[in-house]
2 protein chains.
Amino acid sequence: MHGRAPFPVSDFFDNWVIQVRKGVIELCILRTLATRERYGYELVKELSEAPGLGLTEGTLYPLLSRLRVSGLVQTRLEESSAGPARKYYSLTPEGRRTLKTMNAFLETLNRTTATLGGTP
Amino acid sequence: MHGRAPFPVSDFFDNWVIQVRKGVIELCILRTLATRERYGYELVKELSEAPGLGLTEGTLYPLLSRLRVSGLVQTRLEESSAGPARKYYSLTPEGRRTLKTMNAFLETLNRTTATLGGTP
DNA sequence: GCCAGCTACCTTGTGTCACACGGTATGCAC
DNA sequence: GTGCATACCGTGTGACACAAGGTAGCTGGC
């Protein structure tokens, strides 16, 4: 049995993956928006192919709403010549500030986990 | 001592931190147990001081139960000369296997997030 | 005209989980 | 015996990813 999926699966591992992604996905979206604005469907296309993320529309859109309510992103509607109007998302100044803090925290956390059982 | 995390707080950030920790905490426990067995209270003392983790008893004990039910850790009771009996937790073979898979996945995820908005 | 198919957005229901708070019990110092 | 540290565990709350489904605009074939 050499079924070579990227990662083997089990009950516990599947749930763990979901939990791990929870925080990372928000960070990925903010980082992606930090380079330039995007519209929702564009984000889905890009991030659904990122290894390990596995983003879907049902995850992204509620998340973007939360980010907007929290004041981290702002939106802008633009007519498209080929399809429905697109809603572009971009970072607010507070969004950029928060992103910096998140990056710092994650770095600390990574350093902590690395020194626990890995190679001190 | 009262080591307070050196990170500013906000509504969104606080929730995000909780989400990020969710997956990492399980990994930290498994990694810690990979070096040698520990009892619960010992784990709380050690991991509650790890920067960024902020582990408490209410988080740890249900988590250890879940790990035991999932077959990743096993327990052993031992009388203590100074206090109540201690329940020692150690990794099962399946626990070690799962830990390896988790490490591999997290490495992939870290590489993905690093290439998103960091340094293209 | 009309319908199939892509683009683009969003909602609802289900299940998982950290954390705060509280509870129980043992041993030791005074 | 009363306080304090040790050591274990459970419940309630709220947050959230994900699957599945829904709405609507535009284009091309006929």
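So you know, we letter chains A, B, ... as the sequences are listed, proteins then strands, and number each from 1.
- Atom P of nucleotide D/dC16 and atom CD1 of A/I25 are separated by 12 Å, given to the nearest angstrom.
- Under 4.0 angstrom from either OP1 or OP2 of D/dC9 there lies no side-chain N or O belonging to B/R68.
- Phosphate proximity of C/dT7 to A/Y41: present, with a side-chain N or O under 4.0 Å from OP1 or OP2.
- Transitive grouping of hydrophobic side chains (ILVMFWY, heavy atoms separated by less than 4.5 Å) brings B/I25 and A/F13 into a common cluster.
- The separation between B/L67 atom CG and C/dC17 atom P is 10 Å, rounded to whole Å.
- At least one donor-acceptor pair closer than 3.5 Å links the side chain of A/T98 to the backbone N or O of A/E94.
- B/Y61 and B/Y88 fall within a single hydrophobic cluster, where Ile, Leu, Val, Met, Phe, Trp and Tyr side chains are chained together by heavy-atom contacts under 4.5 Å.
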* Asked: Between B/Y89 and B/L67, is a side chain to side chain contact (heavy atoms under 4.5 Å, CB included) present by the stated rule, with each step listed?
  -> CA-CA 10 Å; B/Y89 295 83; B/L67 290 175; over 6 Å; no
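- OP1 or OP2 of C/dC9 has not a single side-chain nitrogen or oxygen of A/Y39 nearer than 4.0 Å.
- Nearest to the side chain of A/N15, among C/dC17, C/dT11, D/dC9, sits C/dC17.
- Atom CH2 in A/W16 sits roughly 15 Å away from atom C1' in D/dA17 (whole-Å rounding).
- Taking the nucleotide of DNA chain D with the nearest heavy atom to each of A/R66 and B/G40, the more 5' of the two is matched to B/G40.
- Across the protein-nucleic acid pair, B/L43 atom CG and D/dT6 atom P stand 15 Å apart, rounded to whole Å.
- No path of Ile, Leu, Val, Met, Phe, Trp and Tyr side chains, each step under 4.5 Å between heavy atoms, connects B/V20 with A/I18, placing them in separate hydrophobic clusters.
- Within the structure, a side-chain polar atom (N or O) of B/R21 is placed less than 4.0 Å from OP1 or OP2 of C/dC19.
- Of all nucleotides listed (D/dC8, D/dT6, C/dT7), D/dT6 comes nearest to the side chain of B/P84.
- Picking from D/dA15, C/dC10, C/dT16 the nucleotide with the shortest atom distance to the side chain of A/Q19 gives C/dT16.
- Between the NZ atom of A/K22 and the C1' atom of D/dG14 there is a distance of 11 Å, rounded to whole Å.
- Out of C/dA20, C/dA18, D/dA24, the shortest distance to the side chain of B/T56 is found at C/dA20.
- Regarding B/D14, its CG atom lies at a distance of 16 Å from the P atom of D/dG14, rounded to whole Å.
- Remark: P of C/dA25 and CD of B/E57 are 17 Å apart, rounded to the nearest angstrom.
- Atom CG of B/L77 and atom P of C/dA25 are 16 Å apart (whole Å).
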* To do: Start with the C-alpha gap between A/L72 and B/F12, add the side-chain angles, then the distance that decides, and say whether side chain to side chain contact (heavy atoms under 4.5 Å, CB included) holds.
  => CA-CA 9 Å; A/L72 303 190; B/F12 174 85; 3.3 Å; yes
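- Looking at heavy-atom distances under 4.0 Å, B/P62 makes no contact with the nucleic acid at all.
- Applying the 4.0 Å criterion to OP1 and OP2 of C/dC19, one finds that B/T59 has a side-chain N or O inside that range.
- Nucleic acid contact class of B/G58 (heavy atoms, under 4.0 Å, all strands): base.
- A/R86 has a side-chain polar atom (N or O) that falls below the 4.0 Å cut-off from OP1 or OP2 of C/dA8.
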